[in-house]
Novice: 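Shown below is the structure under consideration.
Counting starts at 1 for both ligands and their atoms, in listed order.
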Amino acid sequence: MKKFVFGNWKMNMLRRDIEEWKDKFFTELEKGLNEKVSVCIFVPFTHLIIAKEIFKNTDVEIGAQNMFFEEKGAFTGEISPLHLVDIGVKNVIIGHSERRKIFKEDDEMLSKKLKKAIELSFKPVFCIGETLDERESGKTEEVLERQLREGLKLLNSEEIKKIIIAYEPVWAIGTGRVATPEQAVSAHRFIIEFLNKNYDVNIPILYGGSIKPENFDSLVKNPEISGGLVGGASLKGDSFAKLVKIALNYIS
Ligand code: PEP
């Protein structure tokens, strides 16, 4: 099975940092990438072209962290999916918990973004996950089911097959508090069964939340976990390369 190691740089990394990242990444990776581990980094909009240039002729893909669902018009400050298409970016994160929480993106808006992304042949990574309160009150599966049902409601099974899901418990993002492998596997199994039962699809499900080289092995070794969406540990090329090397042990 293929594995995925995806990095979310959030609002970090200037041009010089990207050059240094690339050097460290390929030095640590020694043998280079294997086609069975897909690597993509999601960079700030202004640096998409810069990153594409820096990583040209490598197998590192570049993606955007967000996009709007309209193609053009009076939406000051937004980024059209057509702007991304125009510069050759086809990977995009939709519904990261920081977009949901800080920028108030709701299920309705995210369903439109996913629809537009699929219509324009993007490869979207759709993020879902429960808050600490929701987990502690026993609502994890209810929340995941709602986010999936609502987010995917404008898509048919063939379209859903083009999506990657990232299960990112909100309490684990940027907190240093990683989900235990048991917690992650249980949530992934729930998502896998839900997608299977309702849409007859089997798509990659990544885990995200405080992944580091020290904890990644125990997560990515499980067949239910197709890889990781990594924030903090993706900011250093060498630590990100270590994650790729770990994933390489579990491809089949
Ligand atoms: C993320 O931003 O998607 C994320 C999982 O961040 P971190 O790895 O820092 O928890």
Novice: Test of understanding: given a 4.0 Å heavy-atom threshold, classify the contact between I173 and ligand 1 as side chain, backbone, both, or neither.
Specialist: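 I173 to ligand 1: contacts from backbone and side chain alike.
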Novice: If the plane angle is over 60° it's perpendicular, under 30° parallel, otherwise tilted; pick one for H188 and Y207.
Specialist: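 If you compare the ring of H188 with that of Y207, the planes turn out tilted.
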Novice: What are the atoms of ligand 1, with element, lying closer than 4.0 Å to any heavy atom of G208?
Specialist: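 With G208 as reference, the close atoms of ligand 1 come out as 5 (C).
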Novice: Note the single closest protein heavy atom to atom 5 (C) of ligand 1, along with its residue, its atom name and the distance in Å.
Specialist: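 Sorting protein heavy atoms by distance from atom 5 (C) of ligand 1 puts E168 OE2, 3.1 Å first.
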Novice: To which protein heavy atom is atom 9 (O) of ligand 1 closest, and what is the distance rounded to 0.1 Å?
Specialist: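 That would be G232 N, 2.8 Å.
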Novice: Just distances here: any N/O of E98 and N/O of ligand 1 closer than 3.5 Å?
Specialist: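 No, E98 has no N/O under 3.5 Å of an N/O on ligand 1.
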Novice: According to a hydrophobic-cluster definition based on side-chain heavy atoms being under 4.5 Å apart (Ile, Leu, Val, Met, Phe, Trp, Tyr only), do L132 and Y167 belong together?
Specialist: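 No, it is not one cluster - the side chains of L132 and Y167 are not joined through contacts under 4.5 Å.
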Novice: As an exercise, identify every atom of ligand 1 less than 4.0 angstrom from a heavy atom of G209.
Specialist: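 Here the atoms of ligand 1 in question are 5 (C), 10 (O).
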Novice: Hydrophobic clustering (ILVMFWY, side-chain heavy atoms < 4.5 Å, transitive) - are I205 and V185 grouped together?
Specialist: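 Linked, V185 and I205 end up in one cluster.
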Novice: Does E193 come within less than 4.0 Å of K197, counting only side-chain N to carboxylate O?
Specialist: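 Not counted as a salt bridge, because no side-chain N and carboxylate O are separated by less than 4.0 Å.
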Novice: Determine which pairs satisfy ring pair (Phe, Tyr, Trp, His ring centres under 6.0 Å) with at least one residue from residues 126-163, sequence neighbours left out, and list them in order.
Specialist: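 Pairs touching residues 126-163 that pass the test: none.
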Novice: Report yes if some N/O of G174 lies less than 3.5 Å from some N/O of ligand 1; otherwise report no.
Specialist: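 G174 vs ligand 1: N/O contact under 3.5 Å present.
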Novice: Yes or no: does G176 have any heavy atom under 4.0 Å from an atom of ligand 1?
Specialist: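 Contact absent.
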Novice: Regarding ligand 1, does T175 bring an N or O atom to under 3.5 Å of one of the ligand's N or O atoms?
Specialist: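 No, there is no polar N/O contact under 3.5 Å.
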Novice: Hey, is ligand 1 close enough to G231 that some N/O pair sits below 3.5 Å?
Specialist: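 Yes, G231 has an N/O under 3.5 Å of an N/O on ligand 1.
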Novice: What distance do E71 atom CD and L82 atom CG have between them, rounded to the nearest 0.5 Å?
Specialist: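 Answer for the CD-CG pair, E71 versus L82, is 4.5 Å.
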Novice: Which pairs count as salt bridge (Lys or Arg N to Asp or Glu O under 4.0 Å) when at least one residue sits in residues 161-173, sequence neighbours excluded?
Specialist: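 Only E158-K161 qualify under salt bridge (Lys or Arg N to Asp or Glu O under 4.0 Å).
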Novice: Just to be sure I read this right, does ligand 1 sit under 4.0 Å from the backbone of A166, its side chain, both, or neither, counting only heavy atoms?
Specialist: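 A166 to ligand 1: no contact under 4.0 Å from either part.
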Novice: Side chain or backbone, does A233 bring an N or O within less than 3.5 Å of an N or O on ligand 1?
Specialist: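 Min N/O separation from ligand 1 is not below 3.5 Å for A233.
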Novice: Within the side chain of K3, is there an N or O that forms a donor-acceptor pair under 3.5 Å with the backbone of G228?
Specialist: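 Pair absent, no side-chain N/O of K3 close to backbone of G228.
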Novice: Where is the nearest protein heavy atom to atom 1 (C) of ligand 1: which residue, which atom, and how far?
Specialist: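 Going atom by atom, the protein heavy atom closest to atom 1 (C) of ligand 1 ends up being H96 NE2, 3.2 Å.
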Novice: Taking only heavy atoms of A172 into account, list the atoms of ligand 1 that are under 4.0 Å away from them.
Specialist: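 Counting atoms of ligand 1 from 1, those under 4.0 Å from A172 are 10 (O).
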Novice: Students often mix this up, so state it plainly: with edges at 30° and 60°, are the rings of W21 and F25 parallel, tilted or perpendicular?
Specialist: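 Aromatic pair W21/F25 classed parallel.
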